[in-house]
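Here is the structure we will look at.
The model shown is predicted, which means the values in this text are computed figures rather than measured ones. In the text below, chain A, chain B and the rest are named by the order of the sequence lines, each starting its count at 1.
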Protein chains: 2
Amino acid sequence: MAKQMGICDTTLFDHEKSFKALSDQKRLHILRILATKGRTFVCDLGELLGLPQSKLSYHLKILLDMNFISVEKEGKWNYYSANSNEIKKVLSSDLCCLFYPE
Amino acid sequence: MAKQMGICDTTLFDHEKSFKALSDQKRLHILRILATKGRTFVCDLGELLGLPQSKLSYHLKILLDMNFISVEKEGKWNYYSANSNEIKKVLSSDLCCLFYPE
DNA sequence: TACTCACATCAATTTTTTTTGATTTGATGT
DNA sequence: ACATCAAATCAAAAAAAATTGATGTGAGTA
C-alpha cells in the first residue's frame, strides 16, 4: 500500500524518518553520550541512562536504522559510536551544543 | 507527574518537541510551501496539500506551538508564514534545500 | 555438551499521535 | 438579529510508537 507521492515527497518521507528518530529524549541522550564519550560499551550506556536492556536495544535500533550511530561487535560485546557526519547533515551547527554540552 | 530531569534533560525535552514537530511529512510540506511561497492564505495551503480543514488546523497548531511558523489574522482570514530564523536554528544548512528546492 | 552472558527479537499491553466528523467561535455582511 | 464563511476546537476512533517481560540467538567458557 505505497502512498501516493512525488519526487519531493519521497525525500520528505526520508526526513520525516530522520526527525522521528531524533524526536525522543532518550535517543537524544544516547546520541549525546556517544558523541561526548566516543565509542561506548552498551551496558555502560544502559547504566548511564538507567534504561533496561530491551528498551535500550529498541532505541539503539532506531538510531542505527537512520545511520545516526554504528556498532562494532567484539566477541559478545557491542560498542556503539555516533556518526557525527550523519548528525551534522541534519542539524544546525548551533544544535551541536546539544551533543557537546559545556 | 513531572518527570525527573536535570538541567540538560530539560533542554533535551525541548529538542524532542522541536523534532517531533518536524517529524511528519505533511508538516514538512507545509513548511516548504510557506518557506518557498512566503505568506500564504490557509485555504490555499489546504488546496495545495489536499488536506481537509481540521487536519490542516491540527498540523498548523503543532508548527505554531514550536514557533516554526506564525499567523497574521486579517478579518476572518488567516495568513501563515515560515519563521526561517527558528528553522535555521535547528536545521543544518544542507537541509535548507528541503525548504528551498531548486 | 551444557551453561553463561550480552544482546536482539517477539507478542501483548499501554501510551501517544493522528484522523475524522461535528460543533463552536468569531468576523463580516444582509 | 440572522445567515454565512473562515478557522479553531472537541470527542471518539484509528493508527503508530513505546514499554514490558519473556523467549531466542550466538559467542564465550567450564
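Rounded to whole Å, the distance from NZ on A/Lys20 to C1' on D/dA17 is 9 Å. In this structure, A/Ile69 places its CD1 atom 13 Å from P of C/dC7, rounding to the nearest Å. Separating the CG atom of A/Asp24 from the P atom of C/dT17 is a distance of 10 Å, rounded to the nearest angstrom. The separation between A/Leu22 atom CG and D/dA17 atom C1' is 16 Å, rounded to whole Å. Rounding to whole angstrom units, CG of residue B/Asn78 and P of D/dC5 are separated by 17 Å. Summarising the geometry, the separation between NZ on B/Lys73 and P on C/dT28 is reported as 13 Å, rounded to the nearest angstrom. Rounded to an integer number of Å, the gap from B/Leu64 CG to D/dA7 P is 13 Å. Taking atom CD on A/Glu16 and atom P on D/dA15, their separation rounds to 17 Å, with Å as the unit.
At distances below 3.5 Å, at least one donor-acceptor pair connects side-chain atoms of B/Ser92 with backbone N or O atoms of A/Lys89. Side-chain atoms of A/Thr40 come within 3.5 Å of backbone atoms of A/Gly38 as a donor-acceptor pair (strictly under, hydrogens ignored). Between the side chain of B/Ser57 and the backbone N or O of B/Ser54 there is no donor-acceptor pair closer than 3.5 Å. Not one N or O on the side chain of B/Arg27 forms a donor-acceptor pair closer than 3.5 Å with the backbone of A/Glu16.
Contact between B/Glu86 and B/Asn67 at its shortest, heavy atoms only, is CG-O, 3.1 Å.
Inter-residue side-chain proximity for A/Val42 and A/Val71 is flagged as unmet; no heavy-atom pair is nearer than 4.5 Å. A heavy-atom distance below 4.5 Å is not found between the side chains of A/Phe68 and A/Asn83. Looking at A/Leu45 and A/Leu60, their side chains come closer than 4.5 Å, going by heavy atoms from C-beta outward.
Proximity of residues 41-55 of chain A to DNA chain C (heavy atom under 4.0 angstrom from any strand atom) is restricted to A/Phe41, A/Val42, A/Cys43, A/Gln53, A/Ser54. For the segment residues 56-63 of chain A, residues with any heavy atom less than 4.0 angstrom from an atom of DNA chain C are, sorted by number, A/Ser57, A/Lys61.
Classification of the B/Tyr79-B/Phe41 ring pair by plane angle, with boundaries at 30° and 60°, yields tilted.
C/dT13 is paired with D/dA18 under the Watson-Crick or G-U wobble criterion, all donor-acceptor distances under 3.5 Å.
Nearest-nucleotide assignment on DNA chain D puts the 5′-proximal partner with B/Trp77, out of A/Trp77 and B/Trp77.
Counting non-hydrogen atoms under 4.0 angstrom, B/Tyr80 reaches the backbone sugars and phosphates but no base.
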